[in-house]
Amino acid sequence: LARLIKSGRKVAICEQMEPPQKGKQIVRREVVQVVSPGTALSENLLDQKQNNYLVGLYVDVDRAGLAVTDLSTGDFRVLEREAGELWEAVEQMGPAEILAPESWAEANGAACEARFPGLLLTRQEDWYFGYTYAHEALTDHFRVSSLKGFGCEGLTAGVCAAGGLLCYLQQNQKGAVSHITRLSRERTDRYMTLDLVTQRNLELIATMQEGRREGSLLSVMDHTVTAMGSRLLSDWLANPLTLPDSIVARHDAVEELSEATAGRDRLREELRGVYDLERLLARIATGRASPRDVNHIGCTLGQVPGVLEQLEQPASGV
């Protein structure tokens with residue numbers, strides 16, 4: 001399975017749905033899960049230090065709507081760009097899989113393959129991306145009457161992309177995506193946009209020649225003790241802040257922990273017992289958890305009091 005997924009394939013998993021009976025030769029079986037590069041949940045299919053993004057896109061004349069989700073953590077974001085900036089925006093996200101309407105894929109499939117060799121381009125019927133259907137799918141899932149609370153009500157192309165993506169996930173996981181609890185609008189004015197060429201030249205996340213993590217700025221800076229912290233640091237490096245207040249607040253938090261040596265060491269010890277809670281909860285919500293996963297959640301919750309004690313009343317407020 002891991003080999004097929006890493007080569008950009010999609011795999012349907014079937015299970016026996018009834019016990020075999022004497023004299024009955026055919027036992028009923030059903031597809032219980034479809035695993036694709038962008039919807040993988042199993043530990044052996046994922047890099048624990050990197051997000052696994054599935055990107056849904058919809059292009060409406062001069063506007064491109066993009067929805068990006070990491071099913072393994074429940075992260076779900078939407079944004080809009082000028083249609084001419086579509087490829088650059090997708091590159092910046094570094095997806096494991098792209099979802100697009102059939103009509104768009106027919107016209108742009110070759111260009112997508114040339115731009116992202118070996119990346120799976122999944123086609124979904126166009127009507128899933130219709131605004132009315134997509135909007136209704138989103139409001140039904142989040143149990144709201146409008147998307148104003150998420151700041152997405154005015155994003156026509158973005159809502160189309162997000163609704164189509166959500167429908168795909170519900171079909172793929174047989175409706176078990178309750179861990180996706182919010183949709184956030186990604187605002188480009190809060191972060192510096194670094195295209196893929198810039199990231200490669202600066203070797204922020206991966207080296208320029210071999211595309212490896214080892215030797216990049218991230219590998220030098222990453223002394224985190226949890227997988228969640230490592231993914232967060234990677235996101236911070238790839239999306240630098242631009243708002244002065246946010247930058248100062250982050251600097252203050254880093255300075256506080258840097259100066260509090262003893263407290264920082266105790267906090268790191270507490271965090272060593274914390275498992276990847278984001279992905280554990282995702283497997284619980286989708287019905288893919290094992291007894292070992294449930295035990296790891298219990299162990300992580302047991303570390304909470306110690307972590308909170310070390311974080312009590314931080315001066316920085318972060």
Side-chain angles (χ1 to χ4, degrees), residues 1 5 8-15 17 29-42 45-46 51-58 65-79 90 93 95-105 120-147 149-150 152-153 155-186 278-289 293:
L1 178 61
I5 296 303
R9 301 292 180 178
K10 188 180 291 187
V11 181
I13 298 177
C14 301
E15 287 185 3
M17 304 305 292
R29 293 177 174 83
E30 291 182 3
V31 175
V32 295
Q33 184 184 10
V34 178
V35 184
S36 66
T39 60
L41 290 169
S42 178
L45 299 178
L46 297 170
N51 284 103
N52 191 62
Y53 288 129
L54 167 66
V55 172
L57 55 88
Y58 177 83
L66 296 102
V68 56
T69 184
D70 184 343
L71 182 64
S72 69
T73 65
D75 182 29
F76 192 21
R77 291 172 281 146
V78 64
L79 67 148
V90 174
M93 295 170 184
E97 179 182 350
I98 294 175
L99 175 75
E102 281 186 341
S103 59
W104 185 93
L120 177 64
L121 172 61
T122 299
R123 302 162 188 237
Q124 183 95 315
E125 291 182 62
D126 287 20
W127 59 271
Y128 283 104
F129 294 86
Y131 181 81
T132 301
Y133 186 87
H135 188 277
E136 186 176 335
L138 291 168
T139 53
D140 285 351
H141 176 78
F142 294 117
R143 298 180 181 180
V144 294
S145 58
S146 76
L147 299 176
F150 301 118
C152 304
E153 191 66 31
L155 299 181
T156 303
V159 167
C160 291
L165 181 59
L166 179 63
C167 291
Y168 173 69
L169 291 177
Q170 290 172 333
Q171 293 171 354
N172 183 280
Q173 298 296 320
K174 305 298 181 183
V177 289
S178 59
H179 64 297
I180 298 178
T181 57
R182 66 189 304 271
L183 175 64
S184 60
R185 178 178 180 178
E186 192 165 289
E278 288 179 333
R279 287 182 169 171
L280 288 171
L281 291 177
R283 289 200 286 274
I284 290 282
T286 54
R288 313 296 177 198
D293 291 333

> Checking Asp70 side chain against Asn52 main chain: does a donor-acceptor pair fall under 3.5 Å?
Replying inline: yes

> Can any side-chain N or O of His179 pair as donor or acceptor with the backbone N or O of Leu71 at less than 3.5 Å?
Replying inline: yes

> Among all residues two or more places apart in sequence or in another chain, which pass the salt bridge (Lys or Arg N to Asp or Glu O under 4.0 Å) test with Glu15?
Replying inline: none

> How long is the span from the CG atom in Leu46 to the OG1 atom in Thr73, to the nearest 0.5 Å?
Replying inline: 10.0 Å

> Can you list every pair that meets side-chain hydrogen bond (donor to acceptor under 3.5 Å, both in side chains) and has a residue in residues 129-145, with sequence neighbours left out?
Replying inline: His135-Glu153

> Between Ile13 and Val31, is a side chain to side chain contact (heavy atoms under 4.5 Å, CB included) present by the stated rule, with each step listed?
Replying inline: CA-CA 6 Å; Ile13 298 177; Val31 175; over 6 Å; no

> Do you know the tightest heavy-atom contact between Asp126 and Ser103?
Replying inline: OD2-OG, 2.6 Å

> Got Ile98 and Thr122 here, is their nearest side-chain heavy-atom distance under 4.5 Å?
Replying inline: no

>> Quick one about Glu97 and Tyr168 (side-chain donor to acceptor, distance below 3.5 Å, no hydrogens or angles considered), yes or no?
In response: yes

> Rounded to the nearest 0.5 Å, how far does CG of Asn172 lie from SG of Cys167?
Replying inline: 12.5 Å

> Could you state the interatomic distance from CD (Glu125) to CD (Glu102), rounded to the nearest 0.5 Å?
Replying inline: 5.5 Å

> Looking only at heavy atoms, which two atoms of Leu41 and Ser72 are closest? And how far apart?
Replying inline: CD2-CA, 3.6 Å

> Is Leu147 close to Leu138 at the side-chain level, that is, under 4.5 Å between some pair of heavy atoms?
Replying inline: yes

> What distance separates Arg288 CZ from Ser42 OG, expressed to the nearest 0.5 Å?
Replying inline: 11.0 Å

> What are the two closest heavy atoms between Ser178 and Ala285, and how far apart are they?
Replying inline: OG-CB, 3.7 Å

>> Assess, by modelled atom type and distance only, whether the side chains of Arg77 and Ser184 contain a donor and an acceptor separated by less than 3.5 Å.
In response: no

>> Is there a side-chain contact between Val11 and Gln33 in this structure, where contact means two heavy atoms from C-beta onward sitting under 4.5 Å apart?
In response: no

>> Quick one: does any side-chain atom of Asp293 pair with a main-chain N or O of Arg283 as donor and acceptor, under 3.5 Å?
In response: no

>> Going by side chain to side chain contact (heavy atoms under 4.5 Å, CB included), Thr69 matches just one of Val55, Thr39, Leu54, Leu166. Which one?
In response: Leu54

>> In the structure I gave you, are the side-chain heavy atoms of Phe129 and Gln124 within less than 4.5 Å of one another anywhere?
In response: yes

> Within a strict 4.5 Å, meaning less than it, do heavy atoms of the Tyr58 and Trp104 side chains meet?
Replying inline: no

> Atom CG of Leu183 and atom SG of Cys152: how far apart are they, to the nearest 0.5 Å?
Replying inline: 4.0 Å

>> I'd like to check Val78 versus Glu186 (side-chain heavy atoms, cut-off strictly below 4.5 Å). Are they in contact?
In response: no

> If you look at every heavy atom in Leu99 and Gly164, which pair is closest and at what distance?
Replying inline: CD2-O, 3.7 Å

> How close do Pro37 and Gly8 get, heavy atom to heavy atom, and via which atoms?
Replying inline: CG-CA, 3.9 Å

> Going through the checks in order, is the side chain to side chain contact (heavy atoms under 4.5 Å, CB included) test met by Ile5 and Leu1?
Replying inline: CA-CA 6 Å; Ile5 296 303; Leu1 178 61; 4.1 Å; yes

>> side chain to side chain donor-acceptor pair (under 3.5 Å) for Tyr128 and Gln171? Distances and angles first, verdict last.
In response: CA-CA 12 Å; Tyr128 283 104; Gln171 293 171 354; 2.6 Å; yes

> Would a 4.5 Å heavy-atom cut-off, applied to side chains only, mark Lys174 and Val32 as touching?
Replying inline: no

> Of the non-hydrogen atoms in Ala161 and Gly65, which two are nearest, and what is the gap between them?
Replying inline: CB-O, 3.4 Å

>> Are the side chains of Arg182 and Phe76 in contact, using a 4.5 Å heavy-atom criterion?
In response: no

> Taking it one step at a time, do Arg185 and Leu79 satisfy side chain to side chain contact (heavy atoms under 4.5 Å, CB included)?
Replying inline: CA-CA 6 Å; Arg185 178 178 180 178; Leu79 67 148; over 6 Å; no

